Undergrad: 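Once you've had a glance at the structure underneath, I'll fire off some questions.
This chain uses plain numbering: 1 for the first residue, then up along the sequence. Every number for a ligand or one of its atoms is a count from 1 in the order of the listing. Because the structure is a prediction, the values reported are computed rather than measured.
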Amino acid sequence: MKLNYSKLPTDFYSEISPTKFEKANLVFWNEGLASEFKNAFSSNEFLSMVRGENSWLKETLAMAYAGHQFGHFNILGDGRAALVDEWKNEEGNLFDVHLKGSGETIYSRRGDGRATLKAMLREAIMSEAIHALGIRTTRTLAVVDTGDFIHRNGMEKGGMLARMASSHLRVGTFEYALFQDDLSKLKALADYTIARHYPQCASLENPYLNLLKEVVRVQIELIVEWMRVGFIHGVMNTDNMSVAGETIDYGPCAFMNVYKANTCFSSIDTQRRYAFANQPGIAQWNLWVFANSLMPLIHENAKVAKEMAIEVIDAFPEQFGKAYYAMMGRKLGVEISTQEGREWVEELLEIMEETQSDYTNSFLFLEGKDAGEVYLSTSTRFENWLSRKNSFPQIEIGNSNPIVIPRNEWVERVLNEAVENNNWKLFNEYQERLQRPYESSSEEDIFSTFNPKNDLSFKTFCGT
Ligand code: AMP
Ligand code: MG
């Protein structure tokens, strides 16, 4: 049976067969997520297809894309992934069922097409935590232990993940389309994207310029949300940016403990390109790449198209700033709509950095919640800063400040226990706790304890 995605010209994918893992075992199954879809397979059906005892129900594809990786253009594609199904939820929205770590494809280049069990479990923890925090993301449906070993840091257990995404259309998919140098293919992709994600654009005077505006809008919303919870994606290459506005491609991502604007955990990001506070600027850079890919559709006159695209991208900083400071204001319970307000927020961040304060707990402390040890008041500027709070209109904080986030030391410990010691109890308890990030911790809640300084030498690894 055909997939909806294969309506696109054949350049955009190639048919592949996911590896059959005969010895695979299911270690994580997200029944809550599966239950949102009428035509979901059961966990047993899924496992039998992973093992090759039954075949996948539809055609299986690897998607083609390109991307700017650390600023450099490359032709890429699903080198270790496969689209195996598409399901509609109750609202009628289509979602991809996609395997990650499912073996070599024609896009694998020098890679082995595989993933470690630990990295896939890490994605399960992080993506489900991001979802529970109320942030748009691809979801984890399942993780399997493939029952074999792959070569990474020595031999490591192999794993595979099934993720659900509202699509895998990336900025890099558009770069790939532009690279085909055939307007009909670019148009096919843009029309497909509009029909799938932004149908309201279809009837507007310039659908493609409006597609650009929509993608800018959803990316601003997404990055603002990452900044709210201290999330660092870690590898914001254009191939890892979804045009649907979901967090995608969990690799060296991590949550920041102590506030430091240039926090960067990724071992390969030596220039700190994707550091915490660089994320808005990088998003704008990526969106410019997206705009550039759309230009031939925006206007037949290249100069006019460029001017129209520049106008949209140039509006990014102002749009982002408005959304970002409004969000920071909500974290603090005040309305921030003036330059003075923005400076007040910036001063808090300076105080946090100066006092090496924990980002998450500082906001809980300022909200009057139990926050453990917080160092803000060791700054001579703090009292004066705090006294200015009443000069701004007061608003509800709501669920702006999470209590439990996936802290690096816990994520590592839980993963090591599961993968090395076969202790799934801790993994399951941790997953469960992360589903309630805004709920107060009880005294015996071990997951809210941490050493604030533990992050300083912490490193994450990409694509492992
Ligand atoms: P990532 O940075 O993980 O999003 O991946 C960037 C590109 O490298 C994508 O085209 C991936 O499909 C590819 N890739 C990553 N790891 C592997 C692997 N082990 N084997 C083959 N391709 C890979
Ligand atoms: Mg990627």
Undergrad: Going by side chain to side chain donor-acceptor pair (under 3.5 Å), name the pairs with one or both residues in residues 272-284, residues two or more places apart or in two chains.
TA: Asn237-Tyr274
Undergrad: In terms of atom number and element, which parts of ligand 1 are under 4.0 angstrom from non-hydrogen atoms of Gln69?
TA: 6 (C)
Undergrad: Could you go through Thr146 and Arg114, starting from their C-alpha distance and side-chain angles, then the distance that decides it, and tell me whether this counts as side chain to side chain donor-acceptor pair (under 3.5 Å)?
TA: CA-CA 10 Å; Thr146 53; Arg114 300 291 309 275; 3.0 Å; yes
Undergrad: Does atom CD (Glu311) have a neighbourhood of more than 12 heavy atoms from anything else shown, all under 6.0 Å?
TA: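 Open.
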Undergrad: Among Ile135, Thr138, Ile130, Leu222, which residue satisfies the side-chain contact (heavy atoms from CB on, under 4.5 Å) criterion with Glu246?
TA: Thr138
Undergrad: So, does Asp249 sit close enough to ligand 1 that a heavy atom of it is under 4.0 Å from the ligand?
TA: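 Heavy atoms of Asp249 do come under 4.0 Å of ligand 1.
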Undergrad: Would you check whether Ser108 reaches within less than 4.0 Å of ligand 1, judged by its heavy atoms?
TA: yes
Undergrad: For Asn286 and Trp288, does a side-chain donor sit closer than 3.5 Å to a side-chain acceptor?
TA: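 No, Trp288 and Asn286 have no side-chain donor paired with an acceptor closer than 3.5 Å.
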Undergrad: Pull out every atom of ligand 1 sitting under 4.0 Å from any heavy atom of Arg152, numbered as shown with elements.
TA: 19 (N)
Undergrad: Only heavy atoms of Arg114, strictly under 4.0 Å: list the atoms of ligand 1 that pass.
TA: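 Those atoms are 19 (N).
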Undergrad: So is Arg109 polar-close to ligand 1, meaning N/O to N/O under 3.5 Å?
TA: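 Yes.
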Undergrad: Among Asn4, Leu94, Asn93, which residue meets the side-chain contact (heavy atoms from CB on, under 4.5 Å) test with Lys88?
TA: Leu94
Undergrad: Please give me the minimum heavy-atom distance between Phe231 and Tyr250, naming the atom from each residue.
TA: CZ-CE2, 4.1 Å
Undergrad: If you count the atoms of ligand 1 from 1 in the order shown, which ones are under 4.0 Å from a heavy atom of Leu76?
TA: 10 (O)
Undergrad: Check ligand 1 against Gly113 and write out every atom of the ligand that is under 4.0 Å from a heavy-atom position of the residue.
TA: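 Within the 4.0 Å cut-off of Gly113, ligand 1 contributes 18 (C), 19 (N), 20 (N), 21 (C).
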Undergrad: Please table the atom pairs, donor to acceptor, closer than 3.5 Å between any side-chain atom in residues 14-24 and protein atoms at least two apart or in another chain.
TA:
from	atom 1	to	atom 2	distance (Å)
Thr19	OG1	Ser102	O	3.1

Undergrad: In terms of the angle between their ring planes, are Tyr359 and Phe276 parallel, tilted or perpendicular, with boundaries placed at 30° and 60°?
TA: perpendicular
Undergrad: Measure from the ring center of Phe41 to the ring center of Trp87 and say whether it is less than 6.0 Å.
TA: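 When the ring centroids of Phe41 and Trp87 are compared, they turn out to be within the sub-6.0 Å range.
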Undergrad: Flag Asn240 as yes when one of its N or O atoms lies below 3.5 Å from any N or O atom of ligand 1, and as no otherwise.
TA: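 Yes.
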Undergrad: Is Tyr65 touching ligand 1 with its side chain, its backbone, both, or neither, if touching means heavy atoms under 4.0 Å apart?
TA: side chain
Undergrad: Looking only at non-hydrogen atoms, which of Gly77, Ala66, Ala81 approaches atom 11 (C) of ligand 1 most closely?
TA: Gly77
Undergrad: Enumerate, atom names and distances included, each donor-acceptor pair closer than 3.5 Å involving a side-chain atom of residues 172-180, sequence neighbours excluded.
TA:
from	atom 1	to	atom 2	distance (Å)
Thr173	OG1	Arg170	N	2.8
Thr173	OG1	Arg170	O	3.3
Glu175	OE1	His68	ND1	2.5
Glu175	OE2	Thr238	OG1	2.5
Tyr176	OH	Asp11	O	2.6
Gln180	NE2	Tyr176	O	3.2

Undergrad: Less than 2.8 Å away from the Mg ion (ligand 2), how many protein N/O/S atoms can be counted, ignoring water?
TA: 2
